Chemist: 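After the structure tokens below, expect a handful of questions from me.
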Amino acid sequence: MTIDPRRDHDYARPDARIHLNLFQPFGPVYEWSRTPRPQDYYEFEKYAELVATAERGLFSAVFLGESLRLREHLGALNDIAITGRPDALTLFAYLAARTSHIGFVATLNTTYSEPAELARRLATIDLLTGGRAGWNVVTTHNAWTGENFRRGGYLAAADRYRRAEEYVAAVQELWDAFPADGVPRPVERHGAFVDVEAVPSVPGSPQGQTVYFQAGDSAEGRDFAARRAEGVFTHRIEHDDAVAFTADLRRRARAYGRPGDDLKVFPGAAVVVAETEAAARDKARHFRDVFLTDRRIRQVVESVWGRDLSDELDVDGALPAEGPSVAEQTVANGVVNSADDPRRKAAEWRALAEQRGFTVRELVEHLTSTREFVGTPSAVADELAHLVRSDAFDGLNVTPQSFPDGLDDVVDLLVPALQERGVYPDAYAGTTLRENLGLPESVGHRVPELALLGAVGAAVEGAA
Ligand SMILES: Cc1cc2nc3c(=O)[nH]c(=O)nc-3n(C[C@H](O)[C@H](O)[C@H](O)COP(=O)(O)O)c2cc1C
């Protein structure tokens, strides 16, 4: 995208600022089977170095996903994209001692754990970091995770969000029951999915309350975010799609009596910057060649078709003429989302490939490149300023494409360019995550008990 910063755009939010989080620093460019020393990804000193760089760049938080089981593809271990994921809270305890301002957001699901236990662990990390903790609430859609707990399949999608609602309400009550300056009270809740009789053992958060994030794309997921979350992690990043997604979330939040812009939206993105446009493109091309092997390209197509295409797909040819025959999207990988209809998605891809003359390889390259910002620091800064001012999102969960230099480039080249444009802070606003994200007092204290999850969202959808 070419942005003319001098053009007088009619921006929805002319004074908006962007937040950067460091996401999964040993991210998707690594392939288990091709990595000479996978154990490098478990050297915590390397995490500490990256996080120190992110803090030098005034990043709001380090953000980790959760994989309770390695990813699978069509029933087999998927050795691409995942090099293993250490337990976030344990890692954060180590990193907290090495940092002073950056926040720590852990993705922790509500499907395979119990609220009293998680409330206690999160309260501990929030205390330990002096109020820098965040919780990315997910429900987890993959059946293979359930198998790790011998509960294959476990809960239907709608029930996962009902359980999440009860779970988060219980955590909230436990946190409220031990104020920082008070004595703990017993909590008793009985619901369809969650039973708690507990006395909290760790006092409340130094930041008023741990910051809630959410990652999920369905109507139930968005509704849950609108009620509970203060940050949303999403794959939606292209201008029109992102503007519509963020507007939808804010509309749902307003329907629950919130201002709407107290919800910060963070798409995940790769950022590749270099002194010249050509150098940045070369670097991005190199990462793409490493990551987008023929097998990976085929897997992206298979994630929609839902079956093995190894005998019928030529990645330098066209998409399969037949299928997909599955109606439900079972894989979410950023290129496809769980709310997508596979048949509609396939039709969309066929139309795009035909219109642009793309082979499968070119199509997948195109689909993945839309989640990258590549260019000179000033071009990328202009583009990001344009997007946040258009209210496409509030910040990025940045995955460096190489380490440590990928993050060094963002901090040393992009951050100053953003600061020059007045869209990035010159210093941390405070010492807590809540202060540094510019969030008001938590919505958690104001959310009414919900018996009718989905009803308000449906009303909002109807009105939109
Ligand atoms: C951007 C994004 C990141 C996610 N990260 C994780 C994760 O790290 N661990 C996990 O178990 N689920 C993760 N999820 C999956 C969600 O838990 C959720 O199960 C899934 O998106 C289905 O919910 P939905 O139907 O509302 O989209 C993520 C989802 C999105 C959209």
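Order of appearance sets the numbers: ligands from 1, and atoms from 1 within every ligand. No experiment lies behind these values; they were computed from the predicted model shown. Any value given below was found using the heavy atoms of this structure, including those in side chains, with hydrogens, waters and symmetry copies removed.
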Chemist: Would you say W135's side chain and L108's backbone share a donor-acceptor pair under 3.5 angstrom?
Modeler: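 Side chain of W135 to backbone of L108: a pair is present.
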Chemist: Hey, which atoms in ligand 1 end up nearer than 4.0 Å to a heavy atom of G221?
Modeler: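 Going through ligand 1 atom by atom, the ones under 4.0 Å from G221 are 26 (O).
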Chemist: Centroid-to-centroid, F213 to F63, below 6.0 Å?
Modeler: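 Yes, ring centres under 6.0 Å apart.
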Chemist: What about T107: any of its N or O atoms under 3.5 Å from an N or O on ligand 1?
Modeler: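 Looking only at distances, the answer is no, because the N/O contact criterion of under 3.5 Å is not met.
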Chemist: Can you confirm, on distance only, whether ligand 1 has an N/O atom lying under 3.5 Å from any N/O atom belonging to S218?
Modeler: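 There is such a contact, yes.
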Chemist: Around atom CZ of R344, are there more than 12 heavy atoms from other residues, nucleotides or ligands closer than 6.0 Å?
Modeler: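 12 or below, so no.
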Chemist: To the nearest 0.5 Å, what is the distance between OG1 (T139) and OH (Y167)?
Modeler: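 Result: 12.5 Å between the selected atoms.
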Chemist: What orientation do Y11 and H386 show, parallel under 30°, tilted 30 to 60°, or perpendicular over 60°?
Modeler: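 Y11 vs H386 ring planes: perpendicular.
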Chemist: Aromatic rings F92 and F104: how do their planes relate, parallel, tilted or perpendicular, breaks at 30° and 60°?
Modeler: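 Correct class here is tilted.
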Chemist: Which is closest to atom 31 (C) of ligand 1 in terms of heavy atoms, H235, R236, E220?
Modeler: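 When every heavy atom of H235, R236, E220 is considered, H235 comes closest to atom 31 (C) of ligand 1.
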Chemist: Would you check the N or O atoms of S67, main chain and side chain alike, for any that come under 3.5 Å of an N or O of ligand 1?
Modeler: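 In this structure, S67 places no N or O atom under 3.5 Å from an N or O of ligand 1.
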Chemist: Would Y161 count as a contact of ligand 1 if the rule is a heavy atom under 4.0 Å away?
Modeler: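 Y161: in contact with ligand 1 (<4.0 Å).
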Chemist: Kindly say whether the aromatic ring centers of F233 and F23 come within a distance under 6.0 Å.
Modeler: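 Here the rings of F23 and F233 have centres that are less than 6.0 Å from each other.
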Chemist: Which ligand 1 atoms, with their elements, are less than 4.0 angstrom from a heavy-atom of G65?
Modeler: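 By the 4.0 Å cutoff, the relevant atoms are 8 (O).
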Chemist: Report yes if E66 has an N/O atom closer than 3.5 Å to an N/O atom of ligand 1; otherwise report no.
Modeler: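 Between E66 and ligand 1 (N or O atoms, distance only) the closest approach is under 3.5 Å.
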Chemist: Which is it for T234 and ligand 1 at heavy atoms under 4.0 Å: side chain, backbone, both or neither?
Modeler: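 Looking at T234 and ligand 1, just backbone atoms fall under 4.0 Å.
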Chemist: Measure from atom 14 (N) of ligand 1 to every heavy atom in V138, V232, D223, L64 and give the option owning the shortest one.
Modeler: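 Answer by nearest heavy atom: V138.
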